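Notes for the one structure printed next.
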Amino acid sequence: LFGVEKVTRYACAEAGGEEPYEKREKDTVLKCHINEKTAHLFTAVEASLSESIEKHSAALGREALFDKTEQIARLPPYLAVNFVRFQYRKDTEKRAKILRPISFPDVLDVRNLCTKELQANIASHNNRLEEARDKAAADKASADKAAADKAAADEAAADKAKADEE
């Protein structure tokens with residue numbers, strides 16, 4: 001119900017490191033890291049999907065800097081977004097809560113954060129919805145026109161009957 005599947009790409013940022021590789025990961029929430037520059041939900045989620053991390057490199061035989069980029073491969077019916085509002089402050093050596101207000105839309109469009117395959121799937125689904133809406137609108141328009149034509153014909157018949165009586 002809340003499962004998000006992501007494709008994560010790891011690329012070693014240091015020279016002589018490993019070849020880039022991809023991994024599929026499942027999670028129940030999309031983490032959204034808040035910082036001083038964050039003002040909107042979409043930009044925060046977008047920024048949270050790419051980061052630099054340190055991890056062990058087998059090719060270098062030590063800890064190395066990796067660029068980690070994620071794309072959404074499967075969207076759930078309900079997308080849970082977790083605002084990560086705590087940050088470690090080195091000057092006080094404590095965790096501090098970031099009290100920045102974040103704006104968010106009524107409907108969050110995450111198509112740009114998805115893999116190409118999922119974007120194509122979403123586009124085809126949207127096209128089918130638009131076709132169904134267009135067909136329903138055309139059917140309603142033709143039904144309204146038929147009702148108007150019938151009303152005009154009934155009015156003309158009533159006028160003719162009234163004229164025959166006189």
Side-chain angles (χ1 to χ4, degrees), residues 1-140:
L1 187 63
F2 295 105
V4 178
E5 190 172 318
K6 297 181 281 189
V7 174
T8 307
R9 186 175 196 278
Y10 296 94
C12 188
E14 298 180 18
E18 310 177 5
E19 290 293 316
Y21 65 95
E22 287 185 353
K23 233 169 114 174
R24 287 185 92 81
E25 299 174 342
K26 292 182 181 181
D27 205 352
T28 55
V29 295
L30 206 55
K31 291 191 180 3
C32 176
H33 296 278
I34 307 299
N35 60 28
E36 306 83 36
K37 299 173 188 168
T38 304
H40 191 68
L41 174 64
F42 180 79
T43 55
V45 170
E46 188 176 34
S48 295
L49 291 178
S50 61
E51 61 184 334
S52 293
I53 60 169
E54 276 193 24
K55 62 183 278 180
H56 183 75
S57 170
L60 296 173
R62 60 176 171 82
E63 294 290 312
L65 193 63
F66 279 80
D67 292 324
K68 176 183 171 185
T69 55
E70 297 176 318
Q71 287 186 311
I72 299 171
R74 186 180 154 272
L75 282 168
Y78 299 100
L79 182 62
V81 178
N82 178 22
F83 288 133
V84 181
R85 288 185 174 269
F86 286 93
Q87 191 173 28
Y88 184 75
R89 291 184 52 179
K90 292 180 182 178
D91 58 343
T92 61
E93 296 184 0
K94 292 184 180 179
R95 288 176 20 139
K97 185 173 183 178
I98 301 169
L99 299 172
R100 181 159 179 81
I102 308 298
S103 65
F104 53 92
D106 293 333
V107 177
L108 180 64
D109 185 6
V110 294
R111 282 184 279 192
N112 295 340
L113 307 176
C114 298
T115 61
K116 297 292 182 198
E117 296 83 18
L118 185 56
Q119 285 178 1
N121 192 359
I122 290 170
S124 69
H125 181 71
N126 284 345
N127 289 341
R128 284 194 305 259
L129 287 176
E130 282 181 27
E131 288 171 4
R133 269 190 235 123
D134 291 346
K135 185 179 183 301
D139 290 348
K140 184 179 185 314

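Bear in mind that the values here come from a model prediction, so they are computed numbers and not experimental data.
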Rounded at 0.5 Å granularity, tell me how far CD1 in Ile122 sits from CD1 in Ile72. 8.5 Å
My understanding is that only residues two or more places apart in sequence, or in another chain, count here; which of them pass salt bridge (Lys or Arg N to Asp or Glu O under 4.0 Å) with Arg111? Asp109
Suppose we screen for salt bridge (Lys or Arg N to Asp or Glu O under 4.0 Å). Which residues come up paired with Lys68, at least two apart in sequence or across chains? Glu51, Glu70
Quick one: which residue pairs count as a salt bridge (Lys or Arg N to Asp or Glu O under 4.0 Å) with a foot in residues 82-95, not counting sequence neighbours? Arg89-Asp91
Residues passing the side-chain contact (heavy atoms from CB on, under 4.5 Å) test with Thr115, sequence neighbours excluded, are Val7, Gln71, Ala73, Glu117, Leu118
Residues which pass side chain to side chain donor-acceptor pair (under 3.5 Å) with Asn35, listed by chain and number, not counting sequence neighbours: Thr38
Return the minimal non-hydrogen interatomic distance between Gly3 and Pro76, and the atom names on each side. O-CB, 3.4 Å
Restricting to side-chain contact (heavy atoms from CB on, under 4.5 Å), what partner residues turn up for Leu129, sequence neighbours left out? His125, Asn126, Arg133
Would you indicate whether the side-chain heavy atoms of Val45 and Val110 approach each other to under 4.5 Å? no
Any chance you could measure Leu60, atom CG, to Leu65, atom CG, to the nearest 0.5 Å? 11.0 Å
Give a yes or no on whether Phe2 atom CZ has more than 12 heavy-atom contacts from other residues, nucleotides or ligands under 6.0 Å away. yes
Not counting sequence neighbours, list each pair that qualifies as a salt bridge (Lys or Arg N to Asp or Glu O under 4.0 Å) and has a residue in residues 15-26. Glu5-Arg24
If every non-hydrogen atom of Ala39 is compared with every non-hydrogen atom of Arg100, which pair is closest and at what distance? CB-NH2, 4.1 Å
In the structure I gave you, are the side-chain heavy atoms of Leu30 and Lys6 within less than 4.5 Å of one another anywhere? yes
Considering only residues two or more places apart or on different chains, which pairs with a residue in residues 43-87 satisfy ring pair (Phe, Tyr, Trp, His ring centres under 6.0 Å)? none
Residues at least two apart in sequence or cross-chain that pass salt bridge (Lys or Arg N to Asp or Glu O under 4.0 Å) with Lys37, listed by chain then number, are none
Kindly indicate, with the supporting measurements, whether the criterion side chain to side chain contact (heavy atoms under 4.5 Å, CB included) is fulfilled by Ile34 and Ile102. CA-CA 9 Å; Ile34 307 299; Ile102 308 298; 3.9 Å; yes
List in chain and number order the residues that pass side-chain contact (heavy atoms from CB on, under 4.5 Å) with Ala120, two or more places apart in sequence or in another chain; answer none if no residue qualifies. none
Any residue meeting side-chain contact (heavy atoms from CB on, under 4.5 Å) with Ala47, in chain and number order, not counting sequence neighbours: none
Sequence neighbours excluded, every pair satisfying ring pair (Phe, Tyr, Trp, His ring centres under 6.0 Å) that has a member inside residues 13-40: Tyr10-Tyr21
Side-chain heavy atoms of Ile98 within contact of Val84, under 4.5 Å: no
